[in-house]
Novice: 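The structure's right below; bear with me while I get my questions together.
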Amino acid sequence: MPAIVGAVKINAMGASAVFNIGDVFTISPASTAKTFAGAGSFNTGDYLNVRNEYSSTNTYDKDLADSNINTII
């Protein structure tokens, strides 16, 4: 169904963002991310007690590409 849209202001869009006005059949944004973190990095909550005296994070990755995204323009 057609839409009547007034003024649109976009302040910022991310790298894998999708902006659409009007009819659309499918929207499929694509992005990947790789995160390295040591022990206890993603803990959330109150009164945490994490002991990591000898923690190390191995960031060596011999792959050239981990998550390939094929896009059709």
Side-chain angles (χ1 to χ4, degrees):
M1 178 155 191
I4 298 173
V5 179
V8 175
K9 179 181 178 184
I10 300 173
N11 291 327
M13 287 184 67
S16 65
V18 173
F19 177 73
N20 179 62
I21 294 178
D23 298 338
V24 66
F25 176 71
T26 239
I27 295 179
S28 180
S31 68
T32 62
K34 179 184 275 190
T35 303
F36 296 105
S41 296
F42 297 116
N43 291 335
T44 59
D46 297 329
Y47 310 112
L48 290 174
N49 185 11
V50 179
R51 296 185 60 183
N52 297 322
E53 285 110 21
Y54 301 106
S55 176
S56 66
T57 303
N58 181 8
T59 59
Y60 175 71
D61 187 11
K62 64 181 179 178
D63 299 354
L64 294 177
D66 290 322
S67 299
N68 297 331
I69 299 176
N70 298 323
T71 57
I72 301 172
I73 299 175

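Fair warning: this is a prediction, and the values are worked out from it, not measured in the lab. Positions are given from 1, in the same order as the sequence printed here.
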Novice: Mind checking whether I21 and V18 sit in one hydrophobic cluster, side chains of I, L, V, M, F, W, Y counted as touching below 4.5 Å?
Specialist: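 They do not share one cluster, since no chain of ILVMFWY contacts under 4.5 Å joins I21 to V18.
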
Novice: Enumerate, atom names and distances included, each donor-acceptor pair closer than 3.5 Å involving a side-chain atom of residues 35-42, sequence neighbours excluded.
Specialist:
residue: S41; atom: OG; partner: G38; partner atom: N; Å: 3.1
residue: S41; atom: OG; partner: G38; partner atom: O; Å: 2.7

Novice: Do you reckon V5 sits in the same ILVMFWY cluster as V24, going by side-chain contacts under 4.5 Å, direct or chained?
Specialist: no

